[in-house]
Amino acid sequence: MYDFSKIEKKWQTYWKEHQTFKTDVWDFSKPKFYVLDMFPYPSGVGLHAGHVEGYTATDIVSRMKRMQGYNVLHPMGYDSFGLPAEQYAVQTGNHPSQFTEKNIAYFSEQLNTLGFDYDWSKMVATSDPKFYKWTQWIFKNLYQDGYAKYVDMPVNWCEALGTVLSNDEVVDGKSERGGYPVVRKNMKQLCIDQPAFAEKLLEGLEEIDWPESTKEMQRNWIGKSIGAHVTFKIAGHEKEFTVFTTRCDTLFGATYCVLAPEHAYVDEITTEEHKKEVEAYKQACASKSDLERTELNKDKTGVFTGAYAINPVNEEKIPIYISDYVLASYGTGAIMAVPAHDDRDYEFAKKFGIPIIQVLEEVTGTPHENETKKESIVAVVYNPKTKKYLTINWHEKGGRLFIGGTRKENEDALSCAIREIQEETGYKNVECIAELPKIEHHYYAYNKDKYFGIESTGFFFHLKDEEQVEKQLDEDEVFDVEWVDEKKVEEIQDELHQKTYQYAKNPGAMTKDGTHIHSKFLNGMNKQEAIDAMVKWLEEHHCGSRKVNYKFREWIFARQRYWGEPVPIVHLEDGTDYVLEDAELPLVLPELADYKGHHGKAPLENATEWKQYTTKDGRSGTRETSTMPGSAGSSWYYFRYIDPENEKIFCDPKLAEHWLPVDLYMGGPEHAVGHLMYSRIWNRYLYDKGLSPVKEPFKKLVHQGMILGENGIKMGKRYPEYAIDPKDIAKEYGADTLRLYEMFMGPIEASKPWSASGVEGAKKFIDRVFRFFTNLENLTEENDGTLTKIYHQTVKKVTEDFESLGFNTAISQMMIFVNECYKVGKCPKEYAEKFIQMMSCITPHIGEEIWELYGHKETIAYEPWPVYDEKYLVEDEKEIAVQVNGKVRATILVKEEDTDQEIEAKAMEEANVKRHIEGKQIVKVIVIKGRICNIVVKE
RNA sequence: GCUCAUAUGGCGGAAUUGGUAGACGCGAUUGACUCAAAAUCAAUUUUUCGAAAGAAAGUUCCGGUUCGACUCCGGAUAUGAGCACCA
């Protein structure tokens, strides 16, 4: 046992007094390494177990890199704007900075008790005017370059509160607080133009070492889709409207159009007799929250406007509806609907009785050049009473099939199907439930020795009654009529019949690829050919073009809050906007008597004097009273750590050039699209402007997983009784134990449950290390070589695992080394010192303590990192497995220089191997050098 | 619904390019030390059969590729995360 509280305090004081971890950013003589943690919001609760995990991981890497001779920058700071401080201010009337400063001090104190190697001289806090001056400065540039602007956007507007609400502040179309009605309304919002960066952000993802899942999430969020714009004329109107579609190839199947209820043309095109209905529907939609509009999407709603659009490819008049399944905010807020090939349109068309025209049919079988064309049917007949399907069994002559047949001249498909059912099975009373999508089918008929290419129409029938008439069969039609259950139906081999059955079971749109039909110049083409051909046609006829669309929308960049960066914009009386000059920054938050925003208005509206502004040339106006969102400061803070005191620029370009990008960025996966997207946008903007040296700010990103309660349940507000407070653990077991335990729990990215006995185990290991390595009698001056191999293995494994953040396996290797030391009973001092050095990355306090005990006067933090020598790792004799038919039967020792034949011979010697090959024929023997010997035998 | 990730002993988790599944830790069992307990040290610990040698099964389930599959391929199930009428 050792007195961790004394030791830990001692070394924390030492590091502070000696400024051990202060980084000279201007020292370019060594290679740089920039390790960054996502900075925390300084909450009054302090650190949680998840913080400790991420921070320890980066701490270990930064310590190793420092020992490897890098100039390491490992800073820490605070994302200190936020709601708790504001609430405190509202309640107490005190300025939120008091509260914030107190929490920062508390948080920093906690971080220090865990022994992290932060360079506190680089600390930043986003709520510090010295910092937010530059947040405002970058924003100002975004604004002047047109990337930040006021945009008309639909928002949740609450008249009673006089404010805009976010989606989660709206419940059932009413405001969460007060229950006042909320409507969707277009309003001017301060936004950052994210879509302008979409393409660059997508490209940037290719070059960075991030978790694939996070990149994928960002791609989905950006939501690029390649399609086309198609312009429709409106019958009897001058106006045209444009739709966005990814499937312009299906234009011949467009049987109606839909505008979003908020679409600008709705009022204009609605005919007199539909006005009332349309107005009512618009009202209903406006009062629905986004959530309701999407969550209740099972049932499509909408109303007809009375107007018709003209399909440009065939001049057909098709009705224009409005429906909330079309979003005003995506594409053009209008669509062409192709019910045959889109699930949503299909649903809508079914409900409103709109025609469904199939223009693409699935292809089965392989086409042949000399095939005979014909039209045919497949009828799936189901008896709801017995739950069985009607099939005919040709036995060995063709297996089981549904009813099929060829259409006669001038016979429509449905009549043909009914006739065939009667002729082949005798059943005469069937009810057609659905006509199924047509299928193009190619096959070879043995009995006729001919290739056929058919267009088959499927039908789904219910049997009404059992009444039968006499069958009318040709001579060669020899089969049994059988009613079978679902299981037997799935045994049907024929592709056409099986496909038809699938359509019958899952009615809906055909969204797969296929061959175009009923589409004039597209007929016979597949999906991609047809899209290309259609775009060409649209462009030639000036009614459409290729177009890329993004889900990515404007980033609303204003909040009705006090505790955020003031926006450096003034709204002048003449209606124009004025941006503050650089010299006027920072625009500091005024002290207020009352920090509450009344009637939902921004709290800064209370600053009557501060609000007033007069330009040098005497124009007066009022300041923007919204503040920036929380993610503003965090979008660029990693620049400021490099050069935190600079008063001329946000970061000296020479320093940025040297230190960026961040080499390792660690933080929770919850920021996968928020913060990590915003930071990339701001950096990309700065890069394009020549103010950032890199296209992407974070070269390598790792997410630490969540630490769950002992029962595997998420810690937090819902189950506070399971929460683990790192403070308590550090107090009871010491910071070194806490750090070691969290690193040993499992892979850093995985979510893993806390285990109290696991902490005990970590403590036990530290005690074991301490006991052995502080007993100087265990250390020998000379090295007899017993531990040489295991030592070099350990150095290799630990170095590689630290590099790849595999801390659990690195620790496991260190445990193996210590176990070995105990077994041997002594350890050469040179190995002991290097081992302690590796340990010191994880457990820095006992690392320094033992280092000092060994007679060193300086910190261990800058000692050169141990190196391993491959020559001690190669084994002259190695145990490999001998398998017989893939099952291990023995192990043998082989030498490096043994030939395959020698190994094989040695393997055959083994008694257990002999037993298993006895009396059997050896087919072959596989020898893989240094790995395995497999003998394949057969009876 | 869509996208992504994950699935290995009683538990947390190991396992290069496919090559002895279960490293390391926890827990459990046994032994040593002790008057005793704790701590410590040593040993055993995937399951089943067996005194042992050994055998059989085994990485969520089903199927495939291979001399050989936790690893690769196809399909299913479960859990977690994100998105959610994106035309």
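These values consider heavy atoms only, across backbone and side chains, with no hydrogens, waters or symmetry-generated copies. Throughout, protein chains are lettered first and strands after them, A, B, ... in sequence-line order, and every chain is numbered starting at 1.
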Any strand: nucleotide that pairs with A28(B) via Watson-Crick or wobble, under 3.5 Å:
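Check on A28(B): paired to U44(B), both distances under 3.5 Å.
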Quick one: list whatever passes side-chain contact (heavy atoms from CB on, under 4.5 Å) with Ile357(A), sequence neighbours left out.
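For Ile357(A), the residues satisfying side-chain contact (heavy atoms from CB on, under 4.5 Å) (neighbours in sequence not counted) are Thr255(A), Val359(A).
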Applying side-chain contact (heavy atoms from CB on, under 4.5 Å), can you list everything that pairs with Lys527(A), at least two apart in sequence or on another chain?
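Here the qualifying residues are Arg247(A), Asp249(A), Asp513(A), Ile531(A).
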Checking [X] now: which residues fulfil ring pair (Phe, Tyr, Trp, His ring centres under 6.0 Å) with it, not counting sequence neighbours?
X: His916(A); result: none
X: Tyr330(A); result: none
X: Tyr256(A); result: Tyr321(A), Phe348(A)

If the condition is salt bridge (Lys or Arg N to Asp or Glu O under 4.0 Å), which residues does Lys215(A) pass it with, not counting sequence neighbours?
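Result, salt bridge (Lys or Arg N to Asp or Glu O under 4.0 Å) vs Lys215(A): none returned.
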How would you list, by chain and number, every residue that makes a salt bridge (Lys or Arg N to Asp or Glu O under 4.0 Å) with Lys764(A), sequence neighbours excluded?
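Counting only residues at least two positions away or on another chain, Lys764(A) forms no salt bridge (Lys or Arg N to Asp or Glu O under 4.0 Å).
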Which parts of nucleotides 40-56 of chain B does protein reach within less than 4.0 Å, heavy atoms only, written one letter per nucleotide 5' to 3' as B for base, S for sugar-phosphate only and - for none?
SS------------SSS
Hey, can you pull the residues of residues 241-248 of chain A with a non-hydrogen atom under 4.0 angstrom from RNA chain B?
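Result for residues 241-248 of chain A: Phe244(A), Thr245(A), Thr246(A), Arg247(A), sorted by number.
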If you look at every strand shown and take non-hydrogen atoms under 4.0 Å, does [X] touch a base, only sugar-phosphate, or nothing?
X: Glu760(A); answer: nothing
X: Gly331(A); answer: nothing
X: Ser329(A); answer: nothing
X: Ser757(A); answer: sugar-phosphate
X: Pro747(A); answer: sugar-phosphate

Atom pairs under 3.5 Å: protein N/O with N/O of nucleotides 65-70 of chain B:
| residue | atom | partner | partner atom | Å |
| --- | --- | --- | --- | --- |
| C67(B) | O2' | Asn934(A) | ND2 | 3.3 |
| C67(B) | O2 | Asn934(A) | ND2 | 2.6 |

Thr332(A): partners by side-chain hydrogen bond (donor to acceptor under 3.5 Å, both in side chains), with sequence neighbours left out
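Expected list: none.
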For nucleotides 9-12 of chain B, which of its nitrogen or oxygen atoms have a protein nitrogen or oxygen under 3.5 Å away, and what is each distance?
| residue | atom | partner | partner atom | Å |
| --- | --- | --- | --- | --- |
| G12(B) | O2' | Met745(A) | O | 2.7 |

Identify which nucleotide among A87(B), C4(B), G19(B) has an atom closest to any side-chain atom of Ser213(A), counting heavy atoms from C-beta outward.
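For Ser213(A), the side-chain atoms sit closest to C4(B).
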Take Glu820(A) and Tyr791(A), measure what side chain to side chain donor-acceptor pair (under 3.5 Å) needs, and give me the verdict at the end.
CA-CA 10 Å; Glu820(A) 205 59 31; Tyr791(A) 167 77; over 6 Å; no
